[in-house]
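Computed over heavy atoms, backbone and side chain alike; hydrogens, waters and symmetry mates excluded. Here is the naming used below: chain letters follow the sequence lines, and residue numbers restart at 1 for every chain. Since the structure is predicted, the reported quantities are computational estimates derived from the model, not experimental observations.
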2 protein chains.
Amino acid sequence: MSNNKAPKSVTLHDVAREAGVSLITASRALGNPGMVSEKTIARVRKAVEATGYFPNLMAGGLKSRKSLMIAALVPNIAVAQFLPTVKALTDALDAAGYQLILGQTGYDHAREEALLNTMISRRPDGIVVTGLIHSQVSRDRLRRAGIPVVETWDLSDRPVDMAVGFSHVKVGSAVAGFFLNQGRRRVGIATGDDQRAAVRREGFIATVGHDVPTAVVPAPSSLELGRRALARLLEQDPKIEAIFCSSDQLAQGVMVEAQSRGLRMPEDLAICGFGDADFAAHMNPPLTTVQVDGAAIGAMAAKLLLDRCNGATIAEPVVDVGFRIVERGTT
Amino acid sequence: MSNNKAPKSVTLHDVAREAGVSLITASRALGNPGMVSEKTIARVRKAVEATGYFPNLMAGGLKSRKSLMIAALVPNIAVAQFLPTVKALTDALDAAGYQLILGQTGYDHAREEALLNTMISRRPDGIVVTGLIHSQVSRDRLRRAGIPVVETWDLSDRPVDMAVGFSHVKVGSAVAGFFLNQGRRRVGIATGDDQRAAVRREGFIATVGHDVPTAVVPAPSSLELGRRALARLLEQDPKIEAIFCSSDQLAQGVMVEAQSRGLRMPEDLAICGFGDADFAAHMNPPLTTVQVDGAAIGAMAAKLLLDRCNGATIAEPVVDVGFRIVERGTT
DNA sequence: CTGTTAGCGCCTTCAA
DNA sequence: TTGAAGGCGCTAACAG
């Protein structure tokens with residue numbers, strides 16, 4: 001009688017029998033309809049309905065060596081900054097029948113390496129990381145595994161494989177130049193503690209020509225942390241004239257704190273954010289900020305990966321999407 | 001000579017040979033160390049290093065019927081609302097060795113059904129959806145497939161399987177009661193066009209006792225859309241006294257527009273948002289809003305799923321996490 | 001256009 | 001504690 005095994009799931013074998021064709025014909029009818037006659041396809045389709053069959057992508061992927069999955073590593077999904085990228089990526093992949101597996105590195109290099117190992121074990125058809133991959137071991141491993149990789153939000157002379165981003169040094173430099181042009185010399189920085197923000201700071205300082213007051217706050221940045229950052233900067237230089245913030249959230253906090261201290265913007269204090277969050281244009285005064293097209297980064301990363309999956313050779317494996325300073329009321 | 005095949009990847013077979021043990025012993029040394037002697041484990045570990053072996057979870061999962069993946073369906077990853085949930089979910093799953101596969105339904109029922117089918121084909125060990133699953137076909141399918149499912153951000157008398165959320169009807173009702181208590185009768189609603197917001201609106205109207213002016217905006221809601229929503233509400237009732245917004249982003253826009261029209265809050269106009277975004281407490285005036293613990297929802301969903309994966313029986317398959325109105329300066 | 005054969009890489013079952 | 005055999009569900013490769 002019926003023993004207590006798990007209710008054996010319907011397989012392609014059952015479908016084939018129901019349709020009165022061989023296993024492989026059923027397989028082709030579903031995955032490669034061009035090779036099968038209309039009539040057979042119809043029979044198989046009907047058999048699928050009748051049996052309630054669902055393909056098993058694990059089994060298929062094992063043989064075909066295609067998982068139809070792309071792994072994405074972000075520092076922290078809750079950082080609004082990367083959302084448009086993840087969204088654009090997911091949208092583009094979905095449209096091509098691929099799904100995204102998500103991993104959070106928490107800005108932690110060891111965690112990143114561990115996560116990368118896990119992801120490799122899943123045999124994704126591609127990997128997207130935010131920022132450059134830090135561990136040399138991981139870099140080598142990925143190259144050897146031959147998995148297409150896109151490093152995003154940053155540029156590198158020697159990416160693991162492909163890269164889509166912009167130069168953070170140039171961003172810092174551009175903002176510093178912008179402040180200096182306005183005649184503001186007493187400048188400072190409120191920044192998150194991540195690698196890319198640190199590089200922007202380096203570019204900023206290089207252009208200013210000397211070190212500047214800096215308040216570093218832990219990720220993820222928030223309005224609250226911005227308020228405290230301004231307090232700390234004013235301790236370092238009570239007459240500070242301009243502040244470059246590593247995110248608009250932080251800038252928002254700096255502005256709130258500045259207003260509560262009676263500082264006028266831009267007269268007493270100029271502020272430049274980073275990211276052009278949707279609220280930036282609607283603040284009072286509207287926030288000057290650095291705009292980066294995060295969605296374009298995600299879309300381009302998806303395109304590179306999908307092209308590669310389709311066997312294309314990528315002519316330009318490193319794509320610079322650039323940035324621009326959007327001048328508004330705070331400068 | 002070396003033919004042109006893909007560089008055959010290292011398998012457990014190679015590790016076993018290198019270690020001088022059988023295939024299955026190598027397998028156990030890695031996945032079930034309790035069954036193997038210390039010495040053998042060490043030998044296998046060394047062989048793993050030497051060969052550069054990476055397990056193939058697709059192959060392992062095929063036999064063991066465990067994918068160590070959880071599928072998560074959200075309407076739109078860019079909606080800040082669900083971020084804490086996705087983050088808490090990812091964190092909890094990561095810690096248990098599971099990864100998240102992400103899908104975006106775009107608030108579209110057909111898309112949701114298609115995505116669910118795709119996900120089923122991946123044989124995830126669990127599925128988390130935002131909101132209730134709409135398609136009856138999908139509901140039946142999931143039950144039959146026997147995949148653990150958690151429906152979140154909503155509650156249901158008869159969930160597909162498990163549910164973690166709160167009552168949107170009660171939220172609408174509570175906010176309406178709150179406004180009425182303040183003596184405000186000319187009330188209205190600015191809302192996104194999603195299902196849950198619609199239910200909150202129903203609760204609101206039921207308590208008010210009659211239909212109210214309503215401005216519906218498409219997802220995802222934004223500050224910009226909030227501004228337009230207020231304009232539309234003022235056309236419907238120039239003397240409107242209180243507005244319930246379906247998100248804090250929308251509320252923010254309503255406030256900006258109100259200020260630009262010279263309306264004072266809360267004297268001329270009361271506003272209540274939804275979600276308690278991080279900026280809500282820092283607006284001017286601070287925004288009254290409905291607070292829901294999205295992270296708790298994600299954490300609880302992960303717990304239910306992981307418990308189930310570990311064979312536990314869930315005593316309470318429906319968890320109400322509740323909500324509360326946070327009174328601030330706009331009411 | 002259809003079918004047969006032979007695995008993909010690993011783990012479960014049974015035996016030693 | 002270790003091993004041998006068999007198969008998870010599917011699809012390339014090669015016939016017909």
Touch class at under 4.0 angstrom, heavy-atom based, for B:L12 against every strand present: sugar-phosphate

Touch class at under 4.0 angstrom, heavy-atom based, for A:L57 against every strand present: nothing

Looking at [X], does any N or O in its side chain come under 4.0 Å of the phosphate oxygens OP1/OP2 on [N]?
X	N	value
B:S64	C:dT12	no
A:S37	C:dT2	yes
A:T40	C:dC1	no
B:S27	C:dC11	yes
A:S22	C:dG3	yes

Side chains of [X] and [Y], donor plus acceptor under 3.5 Å:
X	Y	answer
B:T118	B:S121	no
A:Q104	B:D91	yes
B:R122	A:N56	no
B:Q136	B:D140	yes

Using whole Å, report how far [atom1] of [X] lies from [atom2] of [N].
X	N	atom1	atom2	result
B:L30	C:dC10	CG	C1'	11 Å
B:H13	C:dC8	NE2	P	10 Å
B:K63	D:dG9	NZ	P	8 Å
A:R123	C:dC8	CZ	P	14 Å
A:R43	C:dT2	CZ	C1'	11 Å
A:L62	D:dT11	CG	C1'	10 Å
B:M35	C:dC14	CE	P	14 Å
B:I24	C:dC10	CD1	C1'	8 Å

Contact nearer the 5' end of DNA chain C, comparing B:G61 with A:G34: A:G34

Any donor-acceptor N/O pair under 3.5 Å between D:dG3 base and B:R28 side chain: yes

Aromatic ring pairing B:W153/B:F166, orientation class (parallel under 30°, perpendicular over 60°, tilted between): perpendicular

Along DNA chain D (nearest heavy atom to each residue), the more 5'-positioned of B:A59 and B:A26: B:A26

Nearest-neighbour nucleotide for the B:L23 side chain, D:dG9, C:dC8, C:dC10 considered: C:dC10

Among D:dC8, D:dG3, C:dC10, the one nearest B:N56 by side-chain distance: C:dC10

